[in-house]
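Everything quoted here is computed from the prediction, not taken from an experiment. Order of the sequence lines sets the chain letters (A, B, ...), proteins ahead of strands, with each chain counted from 1.
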Amino acid sequence: MNSAAISAKVAGAIPGACVEALEFQGQTTLQVRRESLKEVLAFLRDDPDILMNQLLDVTAVDYPARADRFDVVYILASIREDGLAPVRVRIKTRIPDGAALPSVTDLWRSADWGERECFDMFGIRFEGHPNLKRILNPDNFYGYPLRKTFPLRGERDPAFLEYKETEPA
Amino acid sequence: MGVELIRGDNFVTARLADVVNWARKSSLWPFPFGTACCGIEMMSTLASRYDMARFGAEAVRFSPRQADLLIVAGTICNKMAPVLKRIYDQMSQPKWVIAMGACASCGGIFDNYTVVQGIDQIIPVDMYVPGCPPSPQALMYSFTKIQGLVQSGQGLSLDPMPEAVPSVPV
Amino acid sequence: MQITDDTLEDSQLMTINFGPTHPATHGTLHLIARLDGERIRDAEPIIGYLHRGKEKMGEHLKYNQYLTMTDRMNYLSPALNNVGWCLAVEKLMGITPPPRARWVETIACEMARIMDHMVCNGINAFDVGAGTVFFYMFQQREVLTDIFEKMTGARLTITWPRVGGLPYDLPADFKDDVRKFLKGFYPIVDECEKLLKNNRIFLDRTVGVGAISKERAISYGYTGPCLRACGVSYDLRKREPYLCYDQVDFDVPTGEHGDCYDRFFVRMEEARQSARIIEQCLEKMPDEGPVAVDDYRVILPPKEKVYKEMEAMIFHFKLVIDGVKPPPGEVYQGLEAGNGELGFYIVSDGSGKPYRVKVRSPCYYIYSSYTEIIRGLMISDVVAVLGSLNIIAGELDR
């Protein structure tokens, strides 16, 4: 099952979910609408032909100039016992600052720490997550370090005085 | 050892402090505070090829109350800093500290929001070992230097703590 | 009244603090466990004590400079991480290094894997009481460190291949050194295995301890030896071969129960297979030929040319100042590292520095299952399980 077939199948099963399918160096990225994100992910996991039974990683990319500031990226893989090459697909969705995504901890257990890290580093909330708190940074840390507005040297940087973050609602 | 006089076969006179220091330097008990890559090189120093036992320091203690040499090997992050401070405070006097590697000495290549730029911002340091990570030979050399400090009764921990650094209840 | 495990109320549970400087935590892991007698009722792992901001640093370093960060991720097998990063950037740029470079990188990867497994298994054995094995295995690692030192100039943090190939050719006696190592390596592995395979104490400490089922392991994001110990024959080197793994012959060892014992011996067998791969690579590797791509926008031109030719000098300056410039786009490249799938997700905006680097570290997701594995075990098993999962703090916290 190649990646082009996957995007066609997703578009067929959940119409209107895919915004676009990007192909770069032989890798597929599906950009989906925020509302149908969880539906698409559940479909990819449960469909017997695709069977994305592993969530490799959850991460985000920050574009501060954009209205929908963050790209949240889910990297999926299928681990099959029949020896076929693993198929990898990235699901991408855009969300504005302060918005929340549905948590996928009930689909894959690895989403637990993946989403926590995403929250810790970007301040993106995941609704329905059982234990959404900081994981890598100390509990009393101020700010979200992987946002582009956060200065590299943190508190030691004079630019930190201008760095303000609204705690996510 | 500071021998002053040898009389016959049975008597040696020396200052008591010198004898105590001599005994102390030959059986330093290190506390390996290994956090990162330097910890692996410290392990090779302790393992069979380089063998710290030659300096009488193979008795690695993982309880700070039983150790008198703190080897900080690896990066210390802001989250780890209070732990290091507490470990140092729990060690009994006299104590010596080796900052092993660039990260412990000055933050190394990690000049960013999370890494402490040198453990000397938290605790006094007697010896800095350069390298990223330092080779086992470098660590052993610093170790012999520490032995020299011990013999001569020097060490930063013997000085009173500066007022600016509050001590943590142990 | 008879006192059983169930008589203990919640208020009688004892909370203990394990780490972050406990010797058996291999670095800086912290565990808060709630004990019911000696049995673990619940535990919460706390990580981040070695969070060094490597992903943030990635946005401020050039592609070749970031190699220094990957060295320090899984510091037991730095060559694997470096090669992984180079593969990802090469994929992003769409270039392929010449065959000799790929063969040498394959050898380096397998040497690094042996280094990783030697330390991991050695410490795991040390933690459950078999001290001899640790010294035997660490000795083998020292030999490999020497080979790496000859090859790259550094023992541990080697920063060695570059994007597009190798920075310099191998030393003349490289093959002899490796062959000598292999000759001494097989007997040591056999001996260590003999020491432990039917050892009553070792069996008691590891068999059935910390087992996890296949489905749960996959759902938790397990890859590498820990997943193979559960019986899933999944190895990226076989499934989507990179470098030269499609031209060598090796087996993928699997376990059965996914417990500490299986994980230990899967790693042992893997180290043997790695030695087998190295042997084949030494035979098949071309002795002559370029070690880097012939493109001065990626690899520095040779010094003789820089001093004599204007064009080479311009390329030299451009590469030093701007770095390599991949096209805009994003790419995810995984490779089979010592612990499982180590992936680099790079978003490039066309400049000399990545726009975003995400490291998919295998330990991170394996460790997230730790609470579930150790629930109900004895406190002493915590250490055995931790060692067999091979949690490396540098990779876990990045």
Side-chain angles (χ1 to χ4, degrees), chain B residues 30-51 53 58 60-64 67 70 72-88 90 101-103 107-116 131-138, chain C residues 19-30 46-61 65-66 68-69 71-78 115 119 122-123 126 132 134-143 145-146 149 154-157 159 392-395 397-398:
Chain B
F31 179 96
F33 198 89
T35 57
C37 341
C38 290
I40 305 295
E41 285 298 66
M42 188 170 61
M43 266 163 57
S44 356
T45 318
L46 292 168
S48 45
R49 180 152 170 206
Y50 292 98
D51 198 6
E58 81 277 23
V60 173
R61 291 295 131 168
F62 291 101
S63 164
L70 178 64
V72 182
T75 319
I76 300 299
C77 301
N78 286 335
K79 199 170 178 177
M80 197 64 169
V83 181
L84 175 64
K85 172 78 176 127
R86 177 164 289 223
I87 294 274
Y88 177 80
Q90 281 178 344
C103 291
I109 57 173
F110 301 103
D111 184 9
N112 59 22
Y113 60 95
T114 167
V115 174
V116 174
C132 188
S135 61
Q137 291 95 329
Chain C
T21 56
H22 193 277
T25 57
H26 306 191
T28 55
L29 309 171
H30 185 185
I46 297 173
I47 64 169
Y49 288 96
L50 195 58
H51 173 54
R52 300 189 267 189
K54 282 182 185 152
E55 287 173 13
K56 185 82 178 170
M57 294 290 279
E59 295 165 12
H60 295 262
L61 293 176
Q65 288 176 329
Y66 195 69
T68 54
M69 294 285 149
D71 273 335
R72 289 152 183 84
M73 260 167 217
N74 185 343
Y75 32 75
L76 295 182
S77 54
M115 278 166 84
V119 180
I123 295 181
F126 194 81
T132 320
F134 169 72
F135 288 107
Y136 277 17
M137 290 187 172
F138 216 90
Q139 190 60 37
Q140 292 307 304
R141 188 192 144 86
E142 283 293 334
V143 181
T145 337
D146 276 357
E149 192 173 8
R155 280 167 53 86
L156 203 67
T157 46
T159 319
I392 312 292
E395 190 179 57
D397 300 339
R398 293 158 311 219

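Asn112(B) places a side-chain N or O within donor-acceptor distance of the main-chain N or O of Arg52(C), the cut-off being under 3.5 Å. No donor-acceptor distance shorter than 3.5 angstrom exists from the side chain of Lys56(C) to the backbone of Tyr113(B), with no hydrogens or angles considered.
With chain B as partner, the option from Thr157(C), Asn74(C), Leu50(C), Thr145(C) having the largest number of non-hydrogen pairs under 4.5 angstrom is Leu50(C). Residue with the most contacts toward chain C among Pro133(B), Pro64(B), Gly39(B), Cys103(B): Pro133(B) (heavy-atom pairs, distance under 4.5 Å). Options Arg141(C), Glu142(C), Gln139(C) differ in how many heavy-atom pairs under 4.5 Å they form with chain B, and the most are formed by Glu142(C).
The two atoms that bring Thr114(B) and Gly53(C) nearest to each other are CG2-N, 3.6 Å, heavy atoms only. Among all heavy-atom pairs drawn from Arg155(C) and Ser135(B), the shortest one is CD-CB, 4.4 Å. The two residues Ile40(B) and Leu76(C) come nearest to each other via the heavy atoms CD1-CD2, 3.3 Å.
Leu61(C) does not touch chain B: none of its heavy atoms, backbone or side chain, sits under 4.5 Å away. For Tyr49(C), the parts lying under 4.5 angstrom from a heavy atom of chain B are both the backbone and the side chain. For Ile87(B), the part lying near chain C is the side chain, with the backbone staying farther off; criterion is any non-hydrogen pair under 4.5 Å. Contacts between Ile47(C) and chain B at a heavy-atom distance below 4.5 Å involve the backbone alone (N, CA, C, O). For Asn78(B), no part sits under 4.5 Å from any heavy atom of chain C, backbone or side chain. With a 4.5 Å cut-off on non-hydrogen atoms, Phe110(B) touches chain C through its backbone and its side chain both. When heavy atoms are compared at a cutoff of 4.5 Å, Tyr136(C) does not approach chain B at all.
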Can Asp146(C) and Arg49(B) be said to form a side-chain contact (heavy atoms from CB on, under 4.5 Å), step by step? CA-CA 12 Å; Asp146(C) 276 357; Arg49(B) 180 152 170 206; 2.8 Å; yes
Go through it in stages, so that I can follow the logic: the residues are Ile109(B) and Met57(C), the test is side-chain contact (heavy atoms from CB on, under 4.5 Å), and I'd like the CA-CA distance, side-chain angles, deciding distance and then a yes or no. CA-CA 10 Å; Ile109(B) 57 173; Met57(C) 294 290 279; 5.5 Å; no
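Counting heavy atoms from C-beta on, the side chains of Met43(B) and Phe134(C) come closer than 4.5 Å. Contact annotation: the side chain of Phe138(C) approaches that of Ser44(B) to within less than 4.5 Å [non-hydrogen atoms, C-beta and beyond]. Between Val115(B) and His51(C) the shortest side-chain heavy-atom distance does not fall below 4.5 Å.
Of the charged side-chain nitrogens involved, none lies within less than 4.0 Å of a carboxylate oxygen, so that Lys79(B) and Asp397(C) do not count as a salt-bridged pair.
With Cys37(B) as the partner, the side-chain contact (heavy atoms from CB on, under 4.5 Å) test is satisfied by one option alone out of Ile392(C), Leu156(C), Asp71(C): Leu156(C).
When the side-chain hydrogen bond (donor to acceptor under 3.5 Å, both in side chains) test is applied to Thr68(C), no partner is found at least two apart in sequence or on another chain.
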